[in-house]
Amino acid sequence: MSRARLIVMNSALGPLDYRVPQGMTVEPGSVVVAPLGPRQLVGVVWEPERLPAEEVGDNRLRNLIHVYDLPPIAAPLRRLVEWTADYYLAPLASVLRMALPSTGALEGARSITEYRATGHVPERLTPQRAQALERIGERQGLVSELAIIGGVSDGVIRGLVKAGAIEAIEVTIDDPFPVPDPDHDPPALEPAQADAAATLRDAVEARAFAPWLLDGVTGSGKTEVYFEAIAEAIRSDRQALVLLPEIALTEPFLKRFAARFGCDPVPWHSGLRQSQRRRAWRAIASGEARVVVGARSSLFLPYRDLGLIVVDEAHEASFKQEDGVQYHARDVAVMRAKLEEIPIVLASATPAIESRYMAEIGTYGEIKLPDRFGGARMPDMAALDMLQDPPPRGRWLAPALVQALEENLEAGEQSLLFLNRRGYAPLTLCRHCGYRFQCPNCTAWMVEHRFTRRLACHHCGHVMPAPHACPECKEEDSLVACGPGVERIADEVAALFPTARTAIVTSDTIWSPAKAAEFVARMEAGEIDIVIGTQLVTKGYHFPNLTLVGVVDADLGLSGGDLRAAERSFQQIRQVSGRAGRGDKHGRVLVQTHDPSARVIQALVSGDIEGFYEAETEARREAAMPPFGRLAAIIVSSEDQAEATETARVIGRAAPRHDNMAVFGPAPAPLAMLRGRHRLRLLVHANRAVPIQDIIRDWLGALQWPRGVRVSVDVDPYSFL
Ligand SMILES: [Zn+2]
Ligand SMILES: [Zn+2]
């Protein structure tokens with residue numbers, strides 16, 4: 001090959017051709033360095049016939065500079081990159097970037113210098129230095145990483161190195177990963193589990209595309225079952241990937257994995273240090289990393305010989321990436337399995353309607369685990385009618401729930417209160433003049449966080465100190481909190497049970513795998529009586545002494561009103577209920593609601609799961625909503641409101657007419673302003689057979705808009721804000 005066509009790592013550029021100099025060999029998938037003007041760019045060699053570009057004469061080609069000593073990106077992954085870019089209307093380079101690490105990892109083996117605190121306190125301890133040392137604690141990393149952790153500049157860290165408070169250490173970053181032992185500690189499976197495990201083992205052995213829905217109630221032992229499929233992949237010298245919806249779940253997963261296989265799998269998530277990321281990437285590409293557990297981005301890594309993909313908690317909406325390339329990791333995972341010709345397991349106690357439907361029509365195989373492991377029963381559920389038996393004024397826990405908490409405390413058992421709302425109160429207003437605190441950048445109220453004494457916007461992260469006086473009428477101490485967040489519930493619990501030991505579990509308190517591990521250890525040691533948490537506590541955890549779950553506001557999720565609102569509420573409450581009574585002790589769940597007759601609440605309390613799914617599925621079918629129809633959202637945003645509105649109108653007017661397709665909008669988005677940008681939405685609704693990507697590509701491709709306007713397309717949207 002004397003010339004090569006590249007996708008370069010710049011999404012503004014199309015495919016580019018280069019000359020391959022004498023003595024250099026490249027093939028499709030080779031990772032190379034190419035010149036671009038005065039700069040150098042990383043690129044990947046692609047099949048020219050799959051990447052149409054303007055032909056450039058041989059004499060005008062520039063030479064490739066370098067080819068990395070790495071295995072080429074394999075054909076199935078190249079096809080996945082193409083499919084993802086095409087399906088989600090994203091630039092190829094943006095998708096391909098997820099398969100490549102930072103340039104540091106592309107280079108050969110070496111050691112690097114990392115830094116950590118020595119414990120020595122410098123003589124000159126400025127507030128910045130003190131803050132940095134406190135936040136860094138026992139963590140280790142590059143100067144730039146420690147600066148981010150410490151919330152200071154690189155200069156402050158370097159100053160601390162000079163002062164002897166932080167020291168340099170050499171780290172070899174290519175230490176091999178241990179190989180999990182498939183026979184380390186196999187569990188004794190119950191008959192239903194053993195059958196399920198055998199089915200999946202056969203699927204791994206068959207080395208063919210096979211999607212499986214592993215549908216089992218919480219506590220039925222799904223993990224043990226898919227671990228047997230992973231064991232089979234290890235035995236046959238292939239790799240396995242387990243996708244988890246949240247980093248916070250990584251730590252409990254690592255523990256269970258290590259107990260079964262004798263060592264940790266290789267983790268991949270945004271919390272890794274650069275050196276860890278580099279080591280993991282290289283081991284994944286060489287095949288040495290046998291089992292990888294990761295967030296959605298691990299889906300695009302260049303596995304040398306993938307034999308199995310597992311998507312755990314496959315119903316989770318957080319598998320949908322909401323910025324950059326807006327892909328759904330569950331759906332892309334199925335496509336990767338198809339291209340790699342391997343089995344994939346979607347595990348869930350509350351499968352998405354989309355997945356259940358695929359099983360129903362026979363596209364996916366279905367494995368059901370109807371019973372809880374070890375004879376444990378599903379918890380008893382009851383609805384508490386908040387109109388009939390309301391809490392006292394200014395409180396949020398109904399008398400029946402308070403009594404249940406008290407009984408649990410006396411019995412020495414643990415309880416969990418679930419409220420999917422971070423902070424102290426969702427809205428703060430002035431009782432004197434009615435002023436409400438709104439985010440200056442978004443159409444959203446500022447949420448009070450009492451621990452940090454700040455008001456924060458949960459959409460853009462804008463924070464301000466909680467003011468003493470009303471900014472409008474200047475009245476002092478006139479601000480009141482409206483409605484509860486988890487912090488407020490924690491206050492109420494503290495007032496009711498002053499001696500109870502409590503913990504708040506939200507993304508504010510559990511922001512790293514280490515924090516999650518700390519929480520798990522305290523729960524297991526019985527150091528916590530009552531947990532108050534958001535959706536972060538609804539999944540993955542297994543605490544045998546947790547016997548009571550209180551759902552503080554079951555109506556909360558339904559207020560959003562999008563097509564999945566009922567399904568999502570159902571899943572969330574069912575998941576959190578699944579935390580109760582996982583050991584020998586029986587569990588119970590109390591659900592606070594203002595509408596006990598709502599279909600979701602009825603289904604939860606009666607346990608009529610099938611009935612609920614059937615009714616929801618039927619409603620979707622009637623409205624031709626996914627999976628029976630297709631949706632795509634077009635979001636237009638700009639700092640300039642007039643520009644955004646005008647562009648959205650132009651797009652709306654140019655909407656193509658097709659049979660079985662309708663375009664709604666433009667209309668101001670529910671979040672009409674986000675991060676200082678005005679937003680409008682259009683929604684495309686079509687029959688399954690309509691090629692909406694092609695239509696939208698042609699439609700938007702023919703239009704132009706001002707530079708400051710951003711137009712993004714969200715195919716199969718999950719958020720309608
Ligand atoms: Zn006021
Ligand atoms: Zn905001």
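All ligand and atom numbering here is 1-based and tracks the order in the structure. Heads up: numbering here begins at 1 and tracks the sequence. In what follows, every heavy atom counts, from backbone to side chain, and hydrogens, waters and symmetry copies are set aside.
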Those residues at least two apart in sequence (or on a different chain) that pass side-chain hydrogen bond (donor to acceptor under 3.5 Å, both in side chains) with Ser569 are none
Which word best sums up how the rings of Phe437 and Tyr435 line up, parallel for under 30°, tilted for 30 to 60°, or perpendicular for over 60°? perpendicular
Under 2.8 Å from the Zn ion (ligand 2), the protein N, O or S atoms found are Cys439 SG, Cys442 SG, Cys457 SG, Cys460 SG
For the pair Glu472 and His432, evaluate side-chain hydrogen bond (donor to acceptor under 3.5 Å, both in side chains) and give the outcome as yes or no after the intermediate values. CA-CA 10 Å; Glu472 192 69 23; His432 189 239; over 6 Å; no
Where does the angle between the aromatic ring planes of His458 and His449 fall among parallel (under 30°), tilted (30 to 60°) and perpendicular (over 60°)? perpendicular
Identify, with sequence neighbours excluded, every residue that meets side chain to side chain contact (heavy atoms under 4.5 Å, CB included) alongside Glu476. His468, Ala469
Would Tyr88 and Asp714 count as having a side-chain donor-acceptor pair, cut-off 3.5 Å? no
Among Ile692, Leu700, Ile696, find the residue that satisfies the side-chain contact (heavy atoms from CB on, under 4.5 Å) test when tested with Leu89. Ile696
Report yes or no: does Arg436 contribute a side-chain atom to a donor-acceptor pair with the main-chain N or O of Trp445 at less than 3.5 Å? no
Side chains of Gln575 and His315: donor-acceptor distance under 3.5 Å anywhere? yes
Metal environment of the Zn ion (ligand 1), protein N/O/S under 2.8 Å: Cys430 SG, Cys433 SG, Cys470 SG, Cys473 SG
